[in-house]
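Naming: A, B, ... by sequence-line order, numbering from 1 per chain.
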Amino acid sequence: MTLRVYNTLGRKKEIFEPIEAGKVRMYVCGPTVYDSCHIGHARSVVVFDVIVRYLEAAGYAVTYVRNFTDVDDKIIKRASEMGIGTAQLAEKFIAEFYRDMDALNIRRATVEPRATEHIDAIVQVIERLFEKDLAYVVDGDVYFSVTDFADYGKLSGRKLEDMEAGARVDVDDRKRNPFDFALWKSAKPGEPSWKSPWGRGRPGWHIECSAMSGVFLGESFDIHGGGKDLIFPHHENEIAQSEGAFGKPFAKYWIHNGFVNINQEKMSKSLGNFLMIRDVLESYHPESVRLFLLSNHYRSPIDFSDRAMDESTTALDKIYALMERFEEISAAENSGALWNSFREAMDDDFNTARGIGIVFDAVRNLNRLLDENLVPASEPELRSAKADLLKIGDILGILQEAPKQYFEKKKSRGLEKSAVDPETIEKLIAERLAARKSKNWARADEIRDFLAGHNIVLEDRPEGTVWKIKE
RNA sequence: GGCGGCAUAGCCAAGUGGUAAGGCAGCGGUCUGCAAAACCGUUAUUCUCCGGUUCAAAUCCGGAUGCCGCCUCCA
């Protein structure tokens, strides 16, 4: 099987061949820690989490680096507003990041470096840029000279001349070219700063990624990822810095995820519609959120709405309901046909949407087999499918709970808002059973209607009556 | 002004030139005392529109229209 990946650099799908056979070195831009994480952060982090899980399942040894930007203008501004230090602010939001991402069952990256821990490496890269005549100093600030880097614009497909014609750039006469960007910013009084050959200051935004990827992955590596909005200028500038300094190709494959819209609107400050992860998790199961985020191809925009989330929740319930049906059946040792189909979908640029479709195909087929009561004859098929579903669940980051536990938790959450308690429900179910035995259908239906009114639905199964929370 | 993306059923959505996955909702059925769940069937002769290439196009090319993103901090 061959993995194909859409490479932003070149704008087409390419066969994935890592620089070193069997190993993948990957860098993804993490958050600037000045605020809580929103659902858009969640998408990016979930998408790359799944990519790492899949690469590992495909047999690669993955070194995954995801940074924290813990010093920058926004952090300085917010910290001074809150009357705390920048380090303290960063610490607070890094802790929040972990709380949100752990809840979403995101695995930790191999290395999670912070910009402020790598000032030396940053300074060294800037010094290399001076050696190559790609950097210059103005009043203690250091800039990268874009006109001296021939490939500038190759990732985003822009030409300097075209962009200058657009003239939507703030004019700074000190810069040689409007697109020159800061490598090092001199410190104003009260700002966090570090010693450098150009005076006390702090790194520009882009340089930390060039420096830290160099430290942990080397001067050339396989995959660089992030949100689509980072293509320009952030990633374009990283390429300029790294290739300028090291004289080697930087990342081989560039992967960018699309945005999350909220009810068909972009999240923006003016609309005030930033949707934070912790708020989403108030209302929805983390696995519903993951399933939702993976239900579109990662490069397409996805629209968050209560309706879409309810659909994902229904979908997740459906898969868990099947898992519950085969609780008695033990999973096979080896992976089978279902896993192969899923792999085929994932090999096509991590097409989780197609992969999820394949899962539902399987769910339907398996329910049919179970309905037909052909369990002895179809047992090998069921065992194999169960193993594959669990394996797929491990890639998507779903099905991590025992089905019984999943439904129990759902019940207790649902009952928090309900006027009835489990004892009452069980009592009524027993009463209804007695009524049904004596063919008192009126009383039986009355009980069922009463519970339905409290958002509780009954299922009369061969082995007895169970109750569930309605959506 | 520059660069890029998208347009598939009521809704969401996959689709690698060879005859439209999957989910949700709806309708009909099997099962059931009746339901629920599950399953079966049904819901796009057609993929925004107009041209072109081809034996063959949702898929490739050109054009039109409509949405969206980036170019300023942004996942």
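Using a 4.0 Å heavy-atom cutoff across all strands shown, Gly258(A) reaches at least one base atom of the nucleic acid. Residue contacts for Leu322(A): at a heavy-atom cut-off of 4.0 Å it reaches no nucleic acid atom on any strand shown. Heavy atoms of Val466(A) sit nowhere under 4.0 angstrom from any nucleic acid atom. In this structure, Arg307(A) reaches the bases: a heavy-atom distance under 4.0 Å links it to at least one base atom across the strands shown. Using a 4.0 Å heavy-atom criterion, one finds that Phe259(A) contacts the bases of the nucleic acid, with or without backbone contacts as well.
Comparing A75(B), G69(B), C71(B) by their closest approach to the side chain of His38(A) singles out A75(B).
Under the Watson-Crick or G-U wobble criterion, with both distances below 3.5 Å, U32(B) has no partner in any strand shown. A37(B) makes up no base pair with any nucleotide shown, lacking Watson-Crick or G-U wobble contacts both under 3.5 Å. Pairing partner, C24(B): G10(B), with both Watson-Crick or wobble hydrogen-bond distances short of 3.5 Å.
For the C1' atom pair drawn from A38(B) and C70(B), the interatomic distance equals 47 Å after rounding to whole Å. A distance of about 13 Å separates the C1' atoms of U59(B) and A14(B), rounded to the whole Å. To the nearest whole angstrom, the two C1' atoms, one in U8(B) and one in G23(B), are 15 Å apart. One P atom belongs to U54(B), the other to U16(B), and the distance between them is 23 Å to the nearest Å. Nucleotides A35(B) and C68(B) are separated by 46 Å at their C1' atoms, to the nearest Å.
Using a 30° and 60° split on the angle between ring planes, Tyr320(A) and Phe407(A) fall in the perpendicular class, above 60°. Aromatic ring pairs are classed by plane angle as parallel below 30°, tilted from 30° to 60° and perpendicular above 60°; the pair Phe232(A) and Phe179(A) is perpendicular.
A salt bridge links Asp348(A) and Lys13(A); the closest N-O separation between the charged side-chain nitrogens and carboxylate oxygens is under 4.0 Å.
Judged by the 6.0 Å distance and 45° axis criteria, Arg299(A) is not positioned over the aromatic ring of Phe350(A). Remark: Lys386(A) fails to qualify as a cation-pi partner of Phe326(A) under the 6.0 Å distance and 45° angle criteria applied to the six-membered ring.
For Asn351(A) and A14(B), the shortest distance from a side-chain N or O to OP1 or OP2 is not below 4.0 Å.
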Once base and sugar-phosphate atoms are separated, protein heavy atoms under 4.0 Å mark nucleotides 34-44 of chain B, 5' to 3', with B, S and - as BBBSSSS----
